[in-house]
Number of protein chains: 2
Amino acid sequence: MTATYRDVKADILSKIVRGEWEPGGLIPGEVELAEQYSCARATVNRAVRELADDGIVERRRKAGTRVRMTPVRQARFDIPLIRSEIEQSGSTYRYALIDDSVVVAPDWLTARLTLEPESRARHLICLHYADGKAYQLEDRWINLATLPQAEQADFSTTGPNEWLVATVPFSDVEIAFSASAADAALARYLDCMVGDALFTTERSTWWEGQAVTHVRLSFRPGHRMTAQY
Amino acid sequence: MTATYRDVKADILSKIVRGEWEPGGLIPGEVELAEQYSCARATVNRAVRELADDGIVERRRKAGTRVRMTPVRQARFDIPLIRSEIEQSGSTYRYALIDDSVVVAPDWLTARLTLEPESRARHLICLHYADGKAYQLEDRWINLATLPQAEQADFSTTGPNEWLVATVPFSDVEIAFSASAADAALARYLDCMVGDALFTTERSTWWEGQAVTHVRLSFRPGHRMTAQY
DNA sequence: CAGTGGTCTAGACCACTGA
DNA sequence: CAGTGGTCTAGACCACTGT
């Protein structure tokens, strides 16, 4: 008889899905629902709050709770370490450092990360292989003003990503996905044709407001990123 | 003096970010934290539970709560209606229906959605414009076995997406992002070159286990999808 | 100003799981 | 079996915000 917050949540959701409570419509208040399910208001609150977090309903004090007109559709993607991604798919992971230099940050990077002019950065080109075939090219810049210890770090056997995750574990990230054509260098590294459509992700990372790193990841042709919701 | 769950959450997070509590390490139990913050255990519970939802810590009964070794990095994307996406960017939205037919589902679609053999489907090609320029090509299949009323629906002035959202508001979705090269048709519709790299998303949708629709959305060259986390 | 959600509390019992 | 998180309760006060 005792309804759990999961029961309440599931029941409310089914009323919405089955159309008993229509999009845009008001649903009963917490006190009323608590009576109906004969449970405490806190239990109802958690159920409805989670539905609000899921984008199913919209809550406003005094105005009550409404079923969203257009349910907010959102997808969640896990952003795994490349090594885990490859190993979890059952393939063998291999890493290679292609190029490594310390340079003054180019203008586009200075703009993108809002760096001081003439900031020094470590620029790395790395390749990640799955079962011996090129899987992803990593073009990374690390801001040496924020992370001076990155100048000495050894990236010859382990990718900078793993070092960064260990060094700056909790940071703010901006991420973008796009499609881009392979240039000559990319085609050579990823063993594809110049002009091939490559799935590309770019990430910029800050820690306590300080720009840490920027990376462009280009996947081999045909790569798909998937999710359910 | 009374600590809210937000205070507690923020304080715990800052201890983790500043390294006071290290990745992999155990953090105090709920009772102990409740004493430290002089608040109820339920308050601490909510704070730590949210940190677990955010992928910062990992909780297990009896074992306690640990800071995650590798924080689970996950990005959330809102999947807006194309109309809203364009209008919210300040552009003018226009829609055009390019092609419309009812056919027997091709094999790849039957396989993808696990349809009955010889299922009939409505196949639509639509173009979405931003400020008069082609923005996205929509290649959609609607399963008429599940949604017979889709055979009569009028998609000449409004895209099938809006009709579907109104008709089957709550459904299960599988989504995939990739890059693909423009073929002749895509190049013509999106006003680009054959072979151009296009950002592409594919969605398959079910409702109560029944396949509803499959759509491939191809964006004009240069499109980026972004998020923060 | 009044009604609704937002949050806290003190206490309780339960469920899982590591030692 | 014992310790930790998971959840529920009954009651309370607060903070918004529509009317």
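Small disclaimer: the values here were computed from a predicted structure and weren't measured. Note on naming: letters A, B, ... go to the chains in the order of the sequence lines (proteins, then strands), and numbering restarts at 1 for each one.
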The residue among A/R49, A/R68, A/R66 that forms salt bridge (charged side-chain N to carboxylate O under 4.0 Å, His left out) with A/E58 is A/R68
- What is the nucleic acid contact for B/R60, judged by heavy atoms within less than 4.0 Å: base, sugar-phosphate only, or nothing? sugar-phosphate
Here the distance between atom P of C/dG3 and atom CD of A/E32, to the nearest Å, is 14 Å
- prompt: Is B/K15 atom NZ crowded by more than 12 heavy atoms from other residues, nucleotides or ligands, each under 6.0 Å away?
  reply: yes
Atom CG of A/D7 and atom C1' of D/dT9 are separated, to the nearest Å, by 16 Å
Indicate yes or no: at least one non-hydrogen side-chain atom of B/R224 is less than 4.5 angstrom from one of A/E202.
yes
When rounded to whole Å, the CG to C1' distance for the pair B/N45 and C/dA15 reads 14 Å
**Message:** Is B/R46 close enough to C/dT7 that one of its side-chain N or O atoms is under 4.0 Å from OP1 or OP2 there?
**Reply:** yes
Pairing partner of D/dC8, by Watson-Crick or G-U wobble and under 3.5 Å for both distances, is C/dG11
Residues in residues 20-31 of chain A with a heavy atom under 4.0 Å of DNA chain D, by number, are none
Note to self: Would you say the ring centers of A/F177 and B/F199 fall short of 6.0 Å from each other?
What the structure shows: no
A/R6 atom CZ is separated from C/dC14 atom C1', nearest whole Å, by 14 Å
Please work out which of the three classes, parallel, tilted or perpendicular, describes the rings of A/H214 and A/W108, given edges at 30° and 60°. perpendicular
Original post:
Is the distance from OP1 or OP2 of D/dT9 to the nearest side-chain N or O of A/T43 less than 4.0 Å?
Top reply: yes
Mind running side chain to side chain contact (heavy atoms under 4.5 Å, CB included) on A/V8 and A/R46 for me, showing each step along the way?
CA-CA 9 Å; A/V8 176; A/R46 179 158 179 197; over 6 Å; no
Winner on side-chain proximity to A/R61, out of D/dG5, D/dA15, D/dA10, is D/dA15
Answer for the Watson-Crick or wobble partner of C/dC16, both distances under 3.5 Å, is D/dG3
| task | Determine whether B/L217 and B/R203 make a side-chain contact, defined as any pair of heavy atoms from C-beta on separated by less than 4.5 Å. | result | yes
Against the side chain of A/K62, the closest entry in D/dC8, C/dT17, C/dA2 is C/dA2
To the nearest angstrom, the CD-C1' distance between A/E50 and D/dG6 comes to 12 Å
Rounded to whole Å, CZ of B/R49 lies from C1' of D/dT4 at a distance of 15 Å
- Query: Has B/R59 got a side-chain N or O lying under 4.0 Å from the OP1 or OP2 atom of D/dG6?
  - Reply: yes
Whole-Å distance, A/L33 CG to D/dT9 C1', equals 17 Å
| field | Phosphate OP1/OP2 of D/dA12 contacted by A/R41 side-chain N/O (<4.0 Å) | value | no
Q. Hey, does the side chain of A/T65 come within less than 4.0 Å of C/dT4's phosphate (OP1/OP2), counting only N and O?
A. no
Is any side-chain heavy atom of B/W206 closer than 4.5 Å to one of B/T146? no
From CZ of A/R66 across to C1' of D/dT17 the rounded distance in Å is 14 Å
